[in-house]
Amino acid sequence: MARLAQTAGLTDVQQEILSTVRDFVDKEIIPVATELEHRDEYPQQIVDGLKELGLFGLMIPEEYGGLGESLLTYALCVEEIARGWMSVSGIINTHFIVAYMLKQHGTPEQKEHFLPRMAAGDIRGAFSMSEPGLGSDVSAITSKAVKEGEEYVLNGQKMWLTNGGTSSLVAVLVRSDEGHPEGTAPHKSMTTFLVEKEPGFGEVRPGLTIPGKIDKMGYKGVDTTELIMDGLRVPADRVLGGVTGRGFYQMMDGVEVGRVNVAARGCGVAQRAFELGVRYAQQRHTFGKPIAQHQAIQFKLAEMATKVEAAHAMMVNAARKKDSGERNDLEAGMAKYLASEYCKEVVEDAFRIHGGYGFSKEYEIERLYREAPMLLIGEGTAEIQKMIIGRRLLEEYRFQG
């Protein structure tokens, strides 16, 4: 990408980090991504390489052994990684949401205990809100924690954990009615627990089971799982922030970071689809000339490139707003909505440019065509983003009649 999706105002350090990540993606991810994806194989060698680059500590403060970089730097790195293989960016995303929640809301003891090992990549994070019958209605969570002495006993079933098997720390959102009288609003009686476990599948600690990987249409390689709690005992000092009833707000803060990440993933996948489409259009000949010389294809390429540029600009704006300390749910919702929708459209146009060959598993665009739909639902569907955007617009433009 010589000209598209450039970001103005980056520091020398940011440019160096991005150059390093881009080089890693071109050499270590793109050449093997499609083969690993078709085998649904966890990319251990790639993950080890990211660990050596220090990317698991990218946003963790330097005092805890991280690089202390901004959300913008992280989002731009995610964009590059997703351009190579979106599943790899998913491995990093859930890790960083948990690290961010710890940084923003954890007790000093929790930060000291977890963040240095998370920065080194020795602890891998996952977070869990969704449940089998839940969808986007977080207030309908039924998993529950009951206090017994200095412990809480957790019961319930969670769904759609990215890194569910490979993680060793899961931030789990459950109901905790203790200290919250009957009739309390649902979002005020939820608590986030920091649950440590062994990586793997089956019973990974007493009372906690990871049944196995969910077989998916795309987004393969990364392990997506359920999580079943049956009498899981968690010490009281593993309540995030040390106080119950704040879990919903903590999770929503983390999800704002996650939405910027999903927007960045959409930008990366769209960039790769454009690269594949514009290259193929110059190689494929019909009616005696490259199809890139047909006006219909040029129109399609123009639309694709414009969408890539627009999505990138909105993603950068959302990341910078969060970095400034301002509320960014409007910008993050807009960026996630636009980037995921445009990603789907750019990938489909690149697929159309490839013609029949796009349907062949030998061509990379086939993988992208199966991956793009996940971005339409990850971190909230388009409908949820529109609800967030609409409510925030009414706050900003309230009519004083």
Side-chain angles (χ1 to χ4, degrees), residues 25 29-30 32-47 50 75 77-98 124-130 132 135-136 158-167 170 201 210-227 255 258-273 276 311 336-337 339-348 350-351 358 361 363-382 384-385:
V25 168
I29 297 182
I30 289 177
V32 300
T34 296
E35 180 183 352
L36 292 175
E37 197 271 349
H38 286 167
R39 297 204 303 258
D40 198 8
E41 181 177 326
Y42 186 79
Q44 187 61 57
Q45 188 171 338
I46 293 173
V47 171
L50 295 176
C77 287
V78 166
E79 183 179 40
E80 292 291 344
I81 293 168
R83 174 181 154 265
W85 184 11
M86 192 185 70
S87 293
V88 178
S89 64
I91 292 170
I92 297 175
N93 178 42
T94 50
H95 175 84
F96 264 109
I97 290 178
V98 178
R124 305 279 171 79
F127 80 107
S128 178
M129 287 194 299
S130 188
S136 299
K158 310 297 284 185
M159 194 73 178
W160 304 118
L161 277 77
T162 300
N163 288 346
T166 49
S167 61
V170 185
F201 300 98
I210 307 292
K213 292 171 63 172
I214 298 170
D215 193 16
K216 308 181 295 281
M217 174 179 76
Y219 197 40
K220 293 179 179 290
V222 60
D223 48 301
T224 305
T225 74
E226 299 176 67
L227 179 148
V255 166
R259 285 179 178 144
V260 174
N261 171 283
V262 172
R265 285 197 252 179
C267 291
V269 174
Q271 285 182 48
R272 185 59 181 165
L276 296 172
K336 191 275 173 184
Y337 167 58
S340 59
E341 295 290 337
Y342 276 0
C343 173
K344 172 186 69 75
E345 294 171 11
V346 171
V347 168
E348 182 168 330
F351 177 84
K361 287 196 171 186
Y363 281 74
E364 190 178 340
I365 191 63
E366 181 271 343
R367 170 171 60 83
L368 271 59
Y369 194 77
R370 289 183 290 102
E371 289 179 340
M374 197 285 290
L375 298 172
L376 298 172
I377 54 176
E379 312 298 2
T381 63
I384 290 295
Q385 306 312 316

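Note that the numbering runs from 1 along the sequence shown for the chain.
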Between F351 and L368, does the side chain to side chain contact (heavy atoms under 4.5 Å, CB included) criterion hold? Intermediate values first, please. CA-CA 9 Å; F351 177 84; L368 271 59; over 6 Å; no
Using only atom types and a distance under 3.5 Å, with no angle test, would you say the side chain of [X] pairs donor to acceptor with the backbone of [Y]?
X    : Y    : value
E379 : V255 : no
R272 : A82  : no
K213 : K220 : no
E371 : S87  : no
K158 : M129 : yes
D223 : G164 : yes
K216 : M374 : no

How many angstroms lie between [atom1] in [X] and [atom2] in [Y], if you round to the nearest 0.5 Å?
X    : Y    : atom1 : atom2 : result
K336 : T381 : NZ    : OG1   : 7.0 Å
E348 : I365 : CD    : CD1   : 10.0 Å
S340 : I377 : OG    : CD1   : 10.5 Å
E37  : M86  : CD    : CE    : 9.5 Å
D215 : T224 : CG    : OG1   : 10.5 Å
Q271 : C343 : CD    : SG    : 10.5 Å

Write down the atom of [X], the atom of [Y], and the distance for their closest heavy-atom approach.
X    : Y    : value
G125 : S167 : C-CB, 4.0 Å
G266 : L375 : CA-CD1, 3.5 Å
G90  : N163 : O-ND2, 4.3 Å
L161 : F127 : CG-O, 4.2 Å
P43  : V88  : CG-CG2, 4.2 Å
T225 : F201 : CG2-CE2, 3.8 Å

Please report the C-alpha distance between V78 and N93 in whole Å, then the side-chain angles of each, then the deciding distance to 0.1 Å, and finally whether the side chain to side chain contact (heavy atoms under 4.5 Å, CB included) criterion is met. CA-CA 8 Å; V78 166; N93 178 42; over 6 Å; no
Salt bridge (charged side-chain N to carboxylate O under 4.0 Å, His left out) partners of R124, counting only residues at least two apart: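 R124 satisfies salt bridge (charged side-chain N to carboxylate O under 4.0 Å, His left out) with no residue once adjacent residues are dropped.
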Is there a side-chain contact between R83 and I30, using heavy atoms and a 4.5 Å cut-off? yes
Check whether any side-chain heavy atom of V32 sits under 4.5 Å from a side-chain heavy atom of Q45, and report yes or no.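 The answer is no, as the side chains (C-beta and beyond) never meet within the 4.5 Å cut-off.
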Full working for side chain to side chain contact (heavy atoms under 4.5 Å, CB included) between E366 and H38: CA-CA 11 Å; E366 181 271 343; H38 286 167; 3.4 Å; yes
Residue of the set E364, R39, R367 for which side-chain hydrogen bond (donor to acceptor under 3.5 Å, both in side chains) holds with T34: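 The passing option is R367.
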Chi angles and distances behind the side chain to side chain contact (heavy atoms under 4.5 Å, CB included) call for T166, I91: CA-CA 9 Å; T166 49; I91 292 170; 5.9 Å; no
